[in-house]
A.B. asks: 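Have a look at this one before I ask anything.
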Amino acid sequence: AVSTAARSYNNLPVWPQISGQLLSELNGSLHLDVHVYSNNPAERFVLINMRKYRTGERVQEGPVVDEITPDSVILSLNGQRFRMQSQ
């Protein structure tokens with residue numbers, strides 16, 4: 001069974017198919033280099049543009065890492081959320 005939370009992620013726009021307004025607010029492009037998910041939240045992290053971030057941290061390009069899910073990372077910028085898929 002897919003959790004309600006997981007379904008709500010699936011409704012989020014996926015980078016780079018995000019709104020032009022959101023794209024213009026970013027300070028550059030984003031690339032998800034490494035995605036590490038663990039059942040232990042303390043072990044989860046991502047490398048975006050070769051910099052390491054954990055949940056709650058602000059990416060240099062502007063967005064905040066809201067959540068690291070099993071197959072993606074949820075980012076938010078000025079109240080708008082989007083996700084980046086792990087490759």
Side-chain angles (χ1 to χ4, degrees):
V2 176
S3 73
T4 304
R7 272 199 299 274
S8 69
Y9 302 147
N10 293 336
N11 295 333
L12 292 174
V14 177
W15 174 267
Q17 280 78 46
I18 62 173
S19 75
Q21 178 197 351
L22 200 50
L23 271 173
S24 69
E25 292 173 9
L26 286 168
N27 296 318
S29 188
L30 300 174
H31 185 266
L32 182 58
D33 300 297
V34 176
H35 171 270
V36 176
Y37 179 85
S38 167
N39 287 329
N40 178 354
E43 295 174 356
R44 299 175 194 168
F45 71 90
V46 291
L47 286 186
I48 297 175
N49 295 348
M50 296 308 289
R51 291 187 185 87
K52 185 175 181 177
Y53 300 100
R54 296 185 184 280
T55 304
E57 294 181 339
R58 183 173 297 278
V59 178
Q60 181 171 314
E61 289 72 19
V64 171
V65 177
D66 276 356
E67 191 164 349
I68 297 169
T69 70
D71 63 352
S72 63
V73 57
I74 311 299
L75 300 166
S76 65
L77 182 64
N78 299 332
Q80 296 189 70
R81 300 177 86 206
F82 63 97
R83 65 190 171 115
M84 295 179 76
Q85 297 284 99
S86 59
Q87 300 306 318

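Computed from a predicted structure; not experimentally measured. Side chains included, hydrogens not; waters and symmetry mates left out as well; all remaining heavy atoms used.
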A.B. asks: Counting only N and O atoms by type, is there a donor-acceptor contact under 3.5 Å from the side chain of R44 to the main-chain atoms of R54?
C.D. replies: no
A.B. asks: Flag yes if L30 and F45 sit in one hydrophobic cluster, no otherwise; membership is Ile, Leu, Val, Met, Phe, Trp, Tyr, and two members link when side-chain heavy atoms are under 4.5 Å apart.
C.D. replies: no
A.B. asks: Do L77 and L23 share a hydrophobic cluster, counting only Ile, Leu, Val, Met, Phe, Trp and Tyr and linking them when any side-chain heavy atoms are less than 4.5 Å apart?
C.D. replies: yes
A.B. asks: Is there a side-chain contact between W15 and L26, using heavy atoms and a 4.5 Å cut-off?
C.D. replies: yes
A.B. asks: Would you indicate whether the side-chain heavy atoms of V46 and V34 approach each other to under 4.5 Å?
C.D. replies: no
A.B. asks: Would you call L22 and P13 a side-chain contact if the rule is heavy atoms closer than 4.5 Å?
C.D. replies: no
A.B. asks: Applying the 4.5 Å side-chain criterion to the ILVMFWY set and letting contacts propagate, would L32 and V65 be lumped into a single cluster?
C.D. replies: yes
A.B. asks: Search all heavy atoms of I74 against all heavy atoms of R81 and return the closest pair with its distance.
C.D. replies: CG2-NH2, 3.2 Å
A.B. asks: Using only atom types and a distance under 3.5 Å, with no angle test, would you say the side chain of R83 pairs donor to acceptor with the backbone of V14?
C.D. replies: no
A.B. asks: To the nearest 0.5 Å, tell me how far Q80 CD sits from Q21 CD.
C.D. replies: 5.0 Å
A.B. asks: Closest approach of N49 and S29, non-hydrogen atoms and distance?
C.D. replies: ND2-O, 2.8 Å
A.B. asks: I'd like to know if the side chain of N27 and the backbone of G62 have a donor-acceptor N/O pair within less than 3.5 Å.
C.D. replies: no
A.B. asks: What pair of heavy atoms forms the shortest contact from P63 to L75, and how long is it?
C.D. replies: CB-CB, 4.1 Å
A.B. asks: Can you see which heavy atom on Q60 is nearest to which on Y53, and at what distance?
C.D. replies: N-OH, 3.0 Å
A.B. asks: Looking only at non-hydrogen atoms, find the nearest pair between N39 and P41 and report the distance.
C.D. replies: O-CD, 3.2 Å
A.B. asks: With the side chain counted from C-beta on, respond yes when H35 and I68 share a heavy-atom pair under 4.5 Å apart, and no when they do not.
C.D. replies: yes
A.B. asks: Can you tell me how far apart CD1 (I48) and CD (E61) are? Round to the nearest 0.5 Å.
C.D. replies: 8.0 Å
